[in-house]
Structure formats: structure tokens, C-alpha cells
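All values below were derived from every heavy atom in this structure, side-chain atoms included, with hydrogens, water molecules and symmetry-related copies excluded. Order of the sequence lines fixes the chain letters, A, B, ..., with proteins taken first and strands second; residue numbering starts at 1 for each chain. Keep in mind that this is a model prediction, so the values were computed, not measured.
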2 protein chains.
Amino acid sequence: MRDLAQLATPAAADAPLRGRALGDVDLLEDAFVLCEGSSVAAVGRMRELPPLDGDVVEVDGRGLSAVPGLVDCHTHACFLGDRVEEFALRAAGASYEELHAAGGGILSTVRATRAASEDELRAAVERHRDWMLRSGTTTFEAKSGYGLDRETELASLRAIAAAGGIPTWLGAHAVPPEFDDAAAYVDFALAEVLPEAAAIAEAADVFVERGAFGVDEARRYLEACVDAGLALRLHGDQFTELGAIPLAIELGARSIDHLEATGADGVQALAASSVVGVLLPASALFLGRQMPPGRALVDAGAAIALATDFNPGSAFCESLPLVCALACTQFHLSPAEALGACTVNAAHVLGRAGSIGRIAPGFQADLVLLDAPDWRHLAYHLGGELVTAVVRRGELASQR
Amino acid sequence: MRDLAQLATPAAADAPLRGRALGDVDLLEDAFVLCEGSSVAAVGRMRELPPLDGDVVEVDGRGLSAVPGLVDCHTHACFLGDRVEEFALRAAGASYEELHAAGGGILSTVRATRAASEDELRAAVERHRDWMLRSGTTTFEAKSGYGLDRETELASLRAIAAAGGIPTWLGAHAVPPEFDDAAAYVDFALAEVLPEAAAIAEAADVFVERGAFGVDEARRYLEACVDAGLALRLHGDQFTELGAIPLAIELGARSIDHLEATGADGVQALAASSVVGVLLPASALFLGRQMPPGRALVDAGAAIALATDFNPGSAFCESLPLVCALACTQFHLSPAEALGACTVNAAHVLGRAGSIGRIAPGFQADLVLLDAPDWRHLAYHLGGELVTAVVRRGELASQR
């Protein structure tokens with residue numbers, strides 16, 4: 001690949017970028033990226049490109065700009081059906097909690113997902129993966145959590161892995177209708193699902209919220225999961241502050257995700273911890289809720305990541321470029337901070353910061369070419385189709 | 001074209017749809033659309049499709065849904081350069097008015113646009129038109145207003161027309177630096193530009209705002225334009241209520257556009273008038289400002305349209321599907337109301353409601369095929385690339 005007008009990559013990061021360092025982007029004009037196999041072999045200026053022997057496939061990047069393949073560290077991409085009817089009802093004024101209480105919400109997707117075969121689950125994840133890829137996402141995490149029974153949870157995790165995603169067991173997403181209460185369901189999930197889920201998933205996740213799981217049940221679930229070898233994630237402070245941030249810190253979770261309702265104390269606590277705050281502005285927009293305190297978190301020194309929250313109910317959005325635009329316009333990240341948040345820092349959340357999230361020798365050859373003279377159009381071109389080509393593991397995976 | 005799973009089109013509308021009628025959408029399952037030349041010849045269910053003789057090109061719509069070609073009635077698509085630097089500064093906290101006062105804002109685009117040749121202007125509009133087309137826009141209006149001198153204003157209008165857009169003379173967009181005040185600039189524009197502009201443009205437009213044009217200058221400008229045979233538009237109530245709504249009503253304007261700052265009195269006045277309120281939620285989002293009172297306007301009985309406001313400074317967004325998503329999530333239009341607002345009602349604003357904005361016999365054959373089983377994904381699939389094919393004047397103009 002040669003003749004790029006401009007290449008932008010987050011600077012080296014052994015730990016998640018925090019504070020001012022989040023906006024540290026290395027910029028190279030007139031750049032080349034030399035890939036060998038699935039890895040980056042060299043990055044430099046065109047005039048420094050060494051003579052190349054053998055079979056070389058060139059991708060002409062003139063007039064374009066390049067950023068690392070984007071990393072989506074929070075999606076619910078394994079589901080069947082849609083929730084467009086619920087979307088239309090919400091537009092007419094119903095709240096998310098009201099729809100959930102009325103039997104819509106997560107459980108309506110659980111019904112559709114339980115009815116699917118494992119092949120159908122895999123086809124659904126692949127379809128969603130291909131949407132993400134066209135928007136520049138080369139690595140995605142996906143959670144189970146629309147099965148909530150043994151068979152469908154395990155099939156979901158296998159389908160995610162088979163489609164190339166990084167599986168997270170969201171066994172504690174909602175309490176399914178066949179259980180009387182959260183405690184009984186957690187008993188079941190830990191006894192019947194965790195042993196096999198732990199062999200497929202890399203992390204466990206829990207939805208800490210009124211109507212879902214309280215802090216005590218979440219602690220019990222997560223402690224069993226860490227004993228089974230899983231990394232920990234939490235959905236917290238989406239609608240109410242129930243104490244998910246202290247729990248995440250207590251247990252050494254990799255991340256706490258959402259944070260729309262987080263107040264000043266939570267911001268300070270997170271900033272003093274090693275837990276990454278994963279912000280999901282497309283979800284806040286989709287539900288018409290307040291945005292997470294992204295600027296305050298960065299200014300306080302917290303490590304944040306950005307993700308889509310792609311799911312059929314509260315964020316039917318697979319586009320990380322749109323998420324970057326929302327972060328810049330709605331809570332005042334700079335484009336450089338937004339880029340760091342959905343590359344290097346997202347890679348840290350997924351335990352892969354040594355191999356993805358940057359364009360540098362030895363890193364996986366994942367690149368996005370943008371139809372723009374300045375890479376910051378990634379956030380500036382709101383809803384634009386600016387992703388021109390995507391290279392994944394050294395192969396041209398998507399091109400317009 | 002055959003085998004569509006679902007076709008949605010606004011119901012017939014001799015006048016702009018208002019109140020509950022805005023959401024009147026005719027739905028047809030298992031539909032066909034028969035086009036002859038550039039027009040729709042017949043619409044019906046597949047089982048009613050008559051035998052066809054002669055050369056018939058089929059577009060297979062199975063599994064897809066169809067809506068009318070979208071109509072963008074408010075864009076500033078004729079410009080050179082970008083404002084990504086300003087975008088990054090605003091993300092860091094600078095306000096639109098501060099950036100404008102600092103020599104950024106509209107006048108920075110005026111500099112870049114004045115430096116362009118007419119061929120370059122046309123190429124820029126064509127590039128932007130093609131972006132719009134890929135997002136489903138088959139008819140677009142575009143304004144001059146980045147020239148603000150005789151030569152560049154007229155070249156802009158010709159470039160817009162040559163690229164297939166509907167030209168609006170936004171002679172009163174800003175006061176260029178070579179004039180001391182708005183009155184002197186309006187004198188110049190009316191004497192030196194209007195006579196030829198009126199022969200190219202269909203409408204005139206003025207930016208009524210602090211730092212741009214007050215109501216008295218706007219009235220003088222618009223009265224001269226109507227005398228020259230132009231329809232009237234106004235940018236009003238974007239940041240402050242200066243009296244643009246009463247002026248629009250007094251002069252019988254086709255539309256008043258923006259309305260983010262419109263209060264209850266303005267809503268009532270507009271509802272009692274025949275002026276269409278054009279809402280531009282991508283602009284409000286881009287600038288991090290409050291949304292226009294879309295729900296209140298519809299409930300009060302006003303006629304509204306939706307448009308992108310595509311421009312490099314305050315809405316670098318060409319996507320009407322994203323605008324529909326914003327209207328549904330940010331000010332509670334239903335998907336059906338959003339569809340009516342960017343098809344039939346936008347066509348009324350452009351004086352073309354008899355030929356575009358609906359899928360019906362005799363209408364121009366402009367269709368958008370969506371990769372979705374339900375047409376409401378147009379608004380539901382936030383930032384998704386769901387436009388699979390676009391038919392414009394009976395020809396397949398864009399396809400993935």
C-alpha cells in the first residue's frame with residue numbers, strides 16, 4: 001500500500017491512554033504502509049520506501065487518508081429479528097423502561113433468538129459483522145445475552161466465535177420469564193451455563209440496572225466468572241447509579257460500559273482506577289437520553305473507550321465513525337481523542353493492545369482508507385460513507 | 001421492477017401534509033412498480049402484474065423495501081474546501097458565533113469558493129450530488145451563498161443547475177468583507193446580481209440572524225426577489241428569534257428553515273400559515289444545539305419538511321436517512337411522519353409536488369430500495385448503509 005496522503009495512528013500505549021494522552025496521534029504525510037502476510041512490516045514516507053521484490057499487491061491511497069482498523073469493544077451482534085415496532089412506539093413517546101415492562105424490550109429479542117438454529121445465529125452475526133466491516137470495524141466484540149437458556153447462550157457464543165468476533169458471555173443480561181427472580185436465574189446460569197461458556201468466551205458481562213440485576217447478584221455472578229478464568233465487564237449507570245462503578249473497581253473489571261447517569265463522584269472514582277469507561281453515545285442518542293460525561297471523564301484522567309452498543313433495541317447502529325462524530329459534537333472529545341478511544345483503548349478493553357489498534361510494525365495489518373484529505377473527516381463527515389477500503393489482516397476485505 | 005417485499009409511499013397530497021395527515025403512508029406488501037421511460041406507469045401487487053411485452057429490465061426487490069426517492073430541499077452543496085479544523089476547534093469548546101467572529105465560519109468557505117473556477121464548482125456539486133444519491137436523495141436543492149460577489153454567485157447557480165440541482169440564490173448569506181454593512185451589500189446584490197440570478201435560480205433565500213441580516217434588510221431583499229419572479233425561502237430562528245417567522249408569513253414565503261430557537265408563539269403563528277417549516281436536525285446535532293420543536297409544530301398543525309442542511313461548517317451531512325433517525329429519536333416524529341417530511345412536503349417546498357415525492361402512476365420514477373424487511377428501517381437503522389439501490393427517472397442510478 002502506497003501513496004497515502006495522510007496516515008494517523010495513536011501513539012504507542014502500553015496502558016490505556018488517559019487524560020491528555022488520549023489525543024496523542026502520530027501523523028505522517030505522504031505515507032506508505034508495507035504489509036507482509038497479516039502484519040505491518042514497515043511504515044514510513046513514500047520517499048523512504050525501499051525497493052520491493054516478489055509479488056507486491058499495491059493499493060493506491062492517493063488523495064485518501066488512513067487510520068487503524070476500528071475496534072468495536074461493545075456490541076450485541078448475536079440476535080434475530082428487529083425492534084422497529086418498538087422504535088416507532090418510542091418515537092410516539094413510550095420510554096425504554098415502559099416498553100420493557102410491557103413485554104417488549106430485551107425479552108422480545110430473546111424470543112426471536114431462542115427460535116433460531118445455530119446456523120441462523122452464525123449467519124446473523126456474519127451479516128452484522130459485514131455491516132461493521134463496511135463502516136471500518138476490523139475487530140468486534142459481541143455478547144451473548146439474548147438466549148438466557150443454556151442451549152442458546154452457548155450457541156450464541158460459538159456463533160460469535162465462528163463469525164470472527166470476540167465472545168463475551170452476557171449471561172446476566174435480563175431475567176428470563178421462566179425464572180421467578182434474579183437470584184434463581186443466576187443460580188441456574190452459574191451452575192448450568194458458566195462451565196461451558198468459560199471455555200468459549202473471553203469475558204463475562206452483567207447488566208446492573210433496576211429491573212435487571214442489582215449489585216449483590218452482579219458481584220456473585222462476576223466472582224464466579226473470574227474464578228472460571230473470564231475477564232470482567234459491566235453494564236453500569238445507564239439509567240441509574242446503583243453502585244456499578246465501585247463494584248467494577250472492587251473486582252478489577254476491564255471496563256464499565258454506558259455511564260450516561262454517572263455523576264461527579266463516579267467520574268472521580270473511575271479516574272482513580274484502572275477500569276476503562278466504555279461510552280456508547282449512539283445508545284444515548286437512540287433512546288433520546290442524556291449523553292455520558294465523556295469530557296469530564298477524560299479531563300479527570302479516566303481511561304475511556306468508544307463503542308457502538310450495536311443491538312436491535314437501544315442502538316441499531318454499527319457505525320463507529322458515527323459514534324466518533326457523536327463523541328465530538330455531543331460531549332466534546334477532539335477527533336484525535338475519539339480515534340484513540342475506538343482503537344488503542346478499545347483494544348485494551350479486549351486484551352489485545354499489543355496486536356491491534358495502531359498502525360505500526362508488528363501490529364496486525366488492519367487499516368481503514370477514508371475518502372477524505374484529512375483523517376479527521378472520520379468524525380467530521382456526519383453519517384457520510386467515507387470508508388473507501390478496509391484492509392484486515394493484510395487482505396483487502398471491503399472496497400467501494 | 002418486481003418482487004418488492006414492501007412499498008411505502010405518502011398518500012396523495014395536493015397541499016403540504018400537516019397535523020396527523022403527515023403520517024399517512026400507503027403500504028403495499030409484495031408490490032411491483034412498473035416504470036416506462038422516466039415515469040411510473042403502474043404500482044400494484046405482484047399477482048396483479050400484467051404480462052409485459054418488449055424490453056423489460058427487472059430489478060429484483062425481494063427481501064427489500066421501497067420508498068420514494070428522497071427530496072433534500074435545503075443544502076449548501078456548492079462549496080470548495082472543508083472546515084474540519086473549525087470542527088476540531090468547536091469540539092474543544094468554541095461556539096459557532098465565536099468561530100464566525102474569529103474569521104472562520106462562512107467567510108472561510110467564501111474564500112475557498114471564490115478561488116475556484118466554474119468547472120471546479122460544478123465538479124464539487126457533482127461530487128456532493130453523488131454522495132447524496134448513494135444515501136437515497138434523488139432530488140436536491142442547493143444554494144449559492146459562498147460567493148457573495150457577482151461572478152461567483154452566478155457561477156455557483158449555473159454549477160448547481162448543470163449538476164442537476166435546483167438552484168436557490170442565497171445572495172444574503174453573510175456580509176462579505178469588502179462591504180461595510182449589510183445595507184450596502186444588499187444594495188450591491190440586488191443591483192448587480194439579482195437580474196441574472198433570477199434567470200437561473202427558482203427561489204431566493206436569506207439568513208436572518210444576528211451578525212447576518214436583520215428583518216428590515218431581509219424584507220427589502222426578498223421583496224426585490226419576488227418582484228424578479230423568485231419564490232422565497234428564509235433561514236430563521238436558528239440561534240435567536242428576530243422576527244423571521246412573521247416576515248415569512250407576511251411575504252408568503254414557501255418555507256422558513258431551521259427554527260431551533262422558535263418558541264410557542266412562533267409555533268402557533270407557523271401553524272396558522274401556509275409557510276412550511278423546514279427542520280434541519282443534523283445541523284442542531286453538529287453544533288450541539290437544541291433541536292427544533294418538531295413534535296410541537298406537527299401537533300399544532302404546521303406543515304414541516306426535513307432536510308440535511310448539507311454544508312461544510314454546521315452540517316457536513318448529506319444523509320436524509322440519518323436526518324429521519326434524528327427526527328424520530330430527538331423530537332419524536334414517527335417514521336411515517338419523517339418519511340412524509342422528506343418526500344411530499346419537501347417536494348412542495350421545491351414547487352414539485354405534482355411530479356416527485358410519491359410512488360404513483362405519472363410521478364417521476366424515483367425509488368430507493370432499502371436492505372430491510374420493513375421500510376421504517378430508514379429511520380431505525382441509525383447510520384446504517386441500508387440504501388441498496390436508487391432508481392432515478394427510471395434508471396438504476398446507484399447500486400451496492
Heavy-atom distances under 4.5 Å only: say whether [X] touches chain A with side chain, backbone, both or neither.
X        : result
B:Pro373 : side chain
B:Arg400 : side chain
B:Leu386 : neither
B:Glu385 : both

Polar side chain donor-acceptor pair, [X] to [Y], under 3.5 angstrom:
X        : Y        : answer
A:Thr9   : A:Asp26  : no
A:Gln238 : A:Glu260 : no
A:Thr137 : A:Asp72  : no

Which bit of [X] is near chain B, if near means a heavy-atom gap under 4.5 Å: side chain, backbone, both or neither?
X        : answer
A:Ser319 : side chain
A:Glu337 : neither
A:Ala379 : both
A:Leu89  : neither

#### Entry: For chain B, the option from A:Gly288, A:Ala92, A:Cys317 that forms the most heavy-atom pairs under 4.5 Å
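Heavy-atom pair counts peak at A:Cys317.
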### Query
Between A:Arg134 and A:Glu318, is a side chain to side chain contact (heavy atoms under 4.5 Å, CB included) present by the stated rule, with each step listed?
CA-CA 9 Å; A:Arg134 287 207 299 266; A:Glu318 72 273 17; over 6 Å; no
### Task
Indicate the atoms forming the closest heavy-atom contact of A:Thr343 with A:Gly69, along with that distance.
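Taking every non-hydrogen atom into account, CG2-O, 4.2 Å.
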### Query
Is any side-chain heavy atom of B:Leu333 closer than 4.5 Å to a side-chain heavy atom of B:Val298?
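A side-chain contact under 4.5 Å exists here.
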